[in-house]
Amino acid sequence: MTFGIEFVPNDPVLKIAHYAKLAEQQGFDNVWITDHYNNRDVYSTLAVLAMNTNSIKIGTGVTNPYTRNAAITASSIGAINEISGGRAILGLGPGDKATFDAMGIEWEKPLTTTKENISALRSFFAGEKVTMDGDMVQFGGAKLAFKTGDVPIYMGAQGPKMLELAGEVADGVLINASHPKDFEVAVKQIASGAKKAGRDPKEVDVAAYACFSIDKDAAKARSAAKVVVAFIVAGSPDMVLERHGIDVAAKADIGGAIAKGDFGALMGDMVTNNMMESFSISGTPDDCKARINELLDIGVTQIVAGSPIGPNKEKAIKLIGKEIIGGN
Ligand code: F42
């Protein structure tokens, strides 16, 4: 098993660099930085992390093919790979529709666009001159003027077809989920894609990109994760809610409270214990360890501690290092 950590650059970049260094000292393997236009730029953040860390791998978690052309992505992550001495990883997903709506970008054929982008990226990483006439991606002989190295590509995916595609073409997959029930399904879909492509499913690193909150006080840990879980419920497909026995009508109620900014309601009874169990890894180190072990048994190979990480980020990073990574 490897351990990753996610940071959202809605915090100043230098603060994230401090957390990333701490995570490296605590034995984490990977740092993933999210990419949304309204936060600080992902590649500037990664460049600063590259200069402030020595061994931890650093990646986009995840960028997308709509706001950045594949040639630009290859050039950006190639530069990060160079600065970091070969520690870059590229996480790529189709992106977040809500932010694209705000930017006036149409979200056409996300699966096809992701697939064709990965194909182009592999060619750029191999130093090839890229000529492509895909449905969504075209290149007329583009070539980078420097060697990027062979950067691993991880896909951000949840849907059945996306997971199958990840099994076919990706080095790893970052799945926004925390519960064994979701991974039982996902692992099968990834394996089916891998088999289709003649690959060993074990070649694909399956990461639980989880809403994570740890503290010695279980109630504090859960309380810190509540609003994140509310957002997950509001954005989950009905099928996923039904899988966890959650009333689909609750999605509209929670969505309404989020839209009104009624955080009092969200912190009350609206986010149930079942929702917390289904969509977060939260509680004491023992609670978190128990859930992690269940996930590993099912075929998860990387645990990514995603937002909020804990009520106090520094303490939480140290607690994961001491009680979970060190305890393995
Ligand atoms: N998105 C961001 O914008 N920024 C981030 O930092 C970010 C981080 C992140 C981390 C982990 C993670 O898992 C996801 C993350 N995301 C982030 C979201 C990510 O970019 C994607 O939005 C998300 O993972 C995709 O969700 P999904 O796997 O459910 O895929 C969607 C597109 C879907 O509908 N998939 C369907 C499926 O079954 O998998 C397939 C849809 C399909 O087949 N479409 C056809 C096609 O060609 O695209 C077209 C069909 C037609 O009729 O047009």
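Just so you know, residue 1 is the first one in the sequence shown, and it goes up from there. Atom set for the values below is all heavy atoms of this structure, side chains included, hydrogens, waters and symmetry mates excluded. Everything quoted here is computed from the prediction, not taken from an experiment. As the structure lists them, so they are numbered: ligands from 1, and atoms in each ligand from 1.
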Query raised in the report: Where is the nearest protein heavy atom to atom 53 (O) of ligand 1: which residue, which atom, and how far?
Result: Lys109 CG, 4.4 Å

Report task. Measure up the Phe100 and Tyr66 rings against each other and bin them: parallel (under 30°), tilted (30 to 60°), perpendicular (over 60°). Result -> tilted

Query raised in the report: How close does the nearest protein non-hydrogen atom get to atom 14 (C) of ligand 1, and which residue and atom is it?
Result: Asn176 OD1, 3.5 Å

Query raised in the report: Which residue holds the protein heavy atom closest to atom 24 (O) of ligand 1, what is that atom called, and what is the gap in Å?
Result: Gln158 NE2, 3.0 Å

Query - Heavy-atom protein neighbour under 4.0 angstrom from atom 38 (O) of ligand 1 - result: yes

Query raised in the report: Would you call Glu24 and Lys21 a salt bridge, using N to O less than 4.0 angstrom?
Result: yes

Requested in this report: Going by the side-chain hydrogen bond (donor to acceptor under 3.5 Å, both in side chains) test, name the single residue among Arg87, Gln302, Lys57 that passes it with Asn30.
Outcome: Gln302

**Report entry** Residues Asp217 and Lys315 bridged, charged N to O under 4.0 Å
**Finding:** no

Report task. Work out whether the distance between some heavy atom of Trp107 and some atom of ligand 1 is less than 4.0 Å. Result -> yes

Report task. Give the residue, atom name and distance (to 0.1 Å) of the protein heavy atom nearest atom 19 (C) of ligand 1. Result -> Gly95 N, 3.8 Å

Query raised in the report: Do any heavy atoms of Asp35 fall under 4.0 Å from ligand 1?
Result: yes

Query - Short side-chain donor-acceptor distance under 3.5 Å, Glu277 and His244 - result: no

Report summary line: In ligand 1, the atoms that come under 4.0 Å of a heavy atom of Tyr209 are 10 (C), 11 (C)

Report summary line: Looking only at heavy atoms, the pair that brings Ala71 and Leu144 closest together is O-CD2, 3.9 Å

Query raised in the report: Which atoms of ligand 1 sit under 4.0 Å from any heavy atom of Gly93?
Result: 20 (O)

Query - Identity of the nearest option to atom 15 (C) of ligand 1, non-hydrogen atoms only, from Val304, Val62, Asp135, Val8 - result: Val62

Requested in this report: May I have the step-by-step check of side-chain hydrogen bond (donor to acceptor under 3.5 Å, both in side chains) for Glu6 and Thr34, ending in yes or no?
Outcome: CA-CA 7 Å; Glu6 173 215 54; Thr34 61; 5.4 Å; no

Requested in this report: Determine, considering heavy atoms only, which of Ile175, Leu111, Leu174, Leu165 sits nearest to atom 46 (C) of ligand 1.
Outcome: Leu111

Query raised in the report: Can you find a protein heavy atom under 4.0 Å from atom 2 (C) of ligand 1?
Result: yes

Report summary line: Value for CD1 (Ile317) from CG (Asn312), rounded to nearest 0.5 Å, stands at 9.0 Å

Query - Atoms in ligand 1 with a heavy atom of Thr34 nearer than 4.0 Å - result: 6 (O)

**Report entry** For Gly156, atoms of ligand 1 separated by under 4.0 Å from a heavy atom
**Finding:** 12 (C), 13 (O), 24 (O)

Requested in this report: Determine, counting only non-hydrogen atoms of the protein, whether one lies under 4.0 angstrom from atom 33 (C) of ligand 1.
Outcome: no

Query raised in the report: Does atom 12 (C) of ligand 1 have a protein non-hydrogen atom under 4.0 Å from it?
Result: yes

Report summary line: Looking only at protein heavy atoms, what sits closest to atom 25 (C) of ligand 1 is Pro94 CG, 3.6 Å

Query raised in the report: What part of His36, side chain, backbone, both or neither, has a heavy atom within less than 4.0 angstrom of ligand 1?
Result: side chain

Query raised in the report: Side chains of Asp287 and Thr284: is there a donor and an acceptor less than 3.5 Å apart?
Result: yes

Requested in this report: Could you tell me whether Met162 and ligand 1 have an N or O pair separated by under 3.5 Å?
Outcome: yes

Query raised in the report: Which protein heavy atom lies closest to atom 40 (C) of ligand 1, and at what distance to 0.1 Å?
Result: Lys161 CB, 3.9 Å

Requested in this report: Decide yes or no for Leu46 and Ile58: does some side-chain heavy atom of the first lie under 4.5 Å from some side-chain heavy atom of the second?
Outcome: yes

**Report entry** Electrostatic pair Arg291-Glu294, nearest N-O below 4.0 angstrom
**Finding:** yes

Requested in this report: For atom 47 (O) of ligand 1, grab the closest protein heavy atom and report residue, atom and distance to one decimal in Å.
Outcome: Thr112 OG1, 2.4 Å

Report task. Please list, chain by chain and in numerical order, all residues satisfying side chain to side chain contact (heavy atoms under 4.5 Å, CB included) with Met267, sequence neighbours excluded. Result -> Ser223, Lys226, Val227

Requested in this report: For Tyr154 and Tyr209, run ring-ring contact (aromatic ring centres under 6.0 Å, His included): C-alpha distance rounded to whole Å, both residues' side-chain angles, the deciding distance at 0.1 Å, then the answer.
Outcome: CA-CA 12 Å; Tyr154 279 58; Tyr209 207 90; over 10 Å; no

**Report entry** Identity and separation of the nearest protein heavy atom to atom 27 (P) of ligand 1
**Finding:** Gly159 N, 3.5 Å

**Report entry** Any residue meeting salt bridge (Lys or Arg N to Asp or Glu O under 4.0 Å) with Arg199, in chain and number order, not counting sequence neighbours
**Finding:** Glu203

Report task. Give the numbers and elements of all ligand 1 atoms closer than 4.0 Å to a heavy atom of Ala157. Result -> 13 (O), 24 (O), 28 (O)

